[in-house]
Amino acid sequence: MKLVKSKKIFSRLKKSLPGGVNSPVRAFNSVDSFPLIIKSGKGSVIIDEDDNSYIDFVGSWGPLILGHANPNVISKIIDTIRNGTSFGNSTKLEAELAEMVIKAFPSIDLIRFVNSGTEATMSAIRLARAYTNKKIIIKFEGCYHGHGDSFLSKSGSGIAELDESISRGVSNLVISETITLPYNDINSVETIFNLNKNDIAAIIVEPIAGNMGVILPENNFLENLRMITEKYNSLLIFDEVISGFRVDYGGAQTLYNVNPDITCLGKIIGGGLPVGAYGGKYEIMKMVAPLGQVYQAGTLSGNPVAMSAGIATLKILKSGHIYTELEKKGAYLEKTIVQEFIKKKIKIKFSRSGSMFGIFFSSIKIKNWSDVQLSDINFYKMFHSKMLEHGIYLPPSPYESFFISVSHSQKDLDRFVDVIKKL
Ligand SMILES: *Cc1c(COP(=O)(O)O)cnc(C)c1O
């Protein structure tokens with residue numbers, strides 16, 4: 001594949017943006033490769049500035065469950081945009097999207113729209129601290145909750161040790177109020193609750209982890225988190241920014257039948273435009289301003305154009321048999337990819353929920369971040385660039401989820417497997 005114009009544009013980008021990008025993973029540093037500079041996308045395919053085309057299994061990191069430039073979504077956006085792009089006042093569209101989300105998520109009575117997943121999680125923990133009058137937040141290693149200060153930490157050396165910051169510029173005070181524990185490890189959660197009985201405001205968790213590859217909750221992990229938070233009067237926050245409307249219309253909480261107190265959403269609910277949201281029981285959400293005293297605001301929050309992209313997307317997702325079809329495609333890819341690697345005698349672990357999946361080059365069972373770290377990163381880098389050369393775009397990092405969209409055809413899926421055959 002030739003990259004002439006792309007290289008020129010990236011040099012230009014580097015002169016005005018840190019590292020040439022507006023979000024670090026786009027620089028492709030984790031796969032030691034040259035970043036894609038995209039010109040357009042349609043359905044399952046994206047085209048770069050040098051007119052190379054790729055079948056896209058990243059889907060803008062999750063939002064594009066319908067593929068690129070879905071005609072219904074685009075026409076709804078255009079209809080809305082003709083009447084203006086932003087008012088900073090309420091519109092009917094906010095009611096429409098809110099009602100759709102509330103209907104889809106039984107645990108949500110009231111919802112607040114924001115502009116990103118990061119804003120949703122930041123606001124959710126502020127609300128949890130206000131509601132419980134406690135300060136500590138428990139999160140899990142390998143889960144990602146955006147770039148809010150409270151989340152930029154990793155666990156200390158021992159289980160009862162304080163967290164350490166993973167970014168410069170974050171106050172130690174903030175970090176000291178977050179405790180990071182291993183995913184799928186309910187014993188460590190119990191230990192921490194025993195040590196800090198009355199201080200834990202909330203547990204925040206990706207109910208299906210999608211930011212360390214894909215890892216499913218095991219041994220009733222979610223049910224146990226629900227029980228323990230109830231026992232100690234702490235809140236349970238599900239970060240469903242990826243899993244919401246992805247693994248099921250009602251998210252992972254519907255799939256696993258566990259109701260959190262607060263749910264964070266993003267990605268798919270914006271239909272490819274910037275939307276995030278947090279919502280929960282009336283009792284908790286009534287604390288949000290102007291109804292209550294937890295301050296949280298946004299000039300462009302509930303933006304009509306973004307709302308209409310979300311509405312158009314959810315309407316399609318709700319109709320027909322979208323999730324059954326996505327499950328079929330996911331199962332097909334899983335079966336055929338695993339078969340190919342077995343033939344090649346390459347050890348992989350494939351984990352999947354519907355149309356989101358992860359491939360680990362590893363022979364051990366993967367249940368948390370320490371397991372993930374034992375997988376073969378260099379092999380992933382090689383895999384990524386070989387696939388890219390053959391027109392298959394996979395996440396440019398070994399720790400991100402792959403996504404299948406409604407627009408991926410059987411031919412697209414077979415092409416994926418054919419390229420693996422050639423490796
Ligand atoms: C992407 C993501 C976020 C952050 O959302 P942004 O819109 O990138 O700020 C938060 N939580 C999870 C689980 C995510 O995958």
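All residue numbers in this chain count up from 1 along the given sequence. Both counts, for ligands and for their atoms, begin at 1 and track the order of listing.
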| remark: d(I268 CD1, E240 CD) to nearest 0.5 Å is 10.5 Å

| note | Here the pair of heavy atoms bringing K134 nearest to I200 is CD-O, 3.3 Å

| query | Which atom names give the shortest non-hydrogen contact between F105 and Y249, and what distance separates them? | reply | CE1-O, 3.8 Å

| said: Minimum distance, heavy atoms only, to atom 14 (C) of ligand 1: which one of H145, K267, E400 is it? | reply: K267

| note | When I359, L333, I337 are each screened for side chain to side chain contact (heavy atoms under 4.5 Å, CB included) with F402, the one that passes is I359

| said: Please list the nearest protein heavy atom to atom 12 (C) of ligand 1 with its residue and the distance rounded to 0.1 Å. | reply: Y144 O, 3.3 Å

| field | Taking atom 9 (O) of ligand 1 as the reference point, the nearest protein heavy atom with its distance | value | T118 OG1, 2.6 Å

Could you tell me which atoms of ligand 1, counted from 1 in the order shown, lie closer than 4.0 angstrom to a heavy atom of [X]?
{"X": "I242", "value": "15 (O)"}
{"X": "E206", "value": "13 (C)"}
{"X": "N211", "value": "12 (C), 13 (C), 14 (C), 15 (O)"}
{"X": "S116", "value": "7 (O), 9 (O)"}
{"X": "G117", "value": "4 (C), 5 (O), 6 (P), 7 (O), 9 (O)"}
{"X": "D239", "value": "10 (C), 11 (N), 12 (C), 13 (C)"}

Side chains of [X] and [Y]: is there a donor and an acceptor less than 3.5 Å apart?
{"X": "S153", "Y": "D163", "value": "yes"}
{"X": "T263", "Y": "Q253", "value": "yes"}
{"X": "T254", "Y": "D248", "value": "no"}

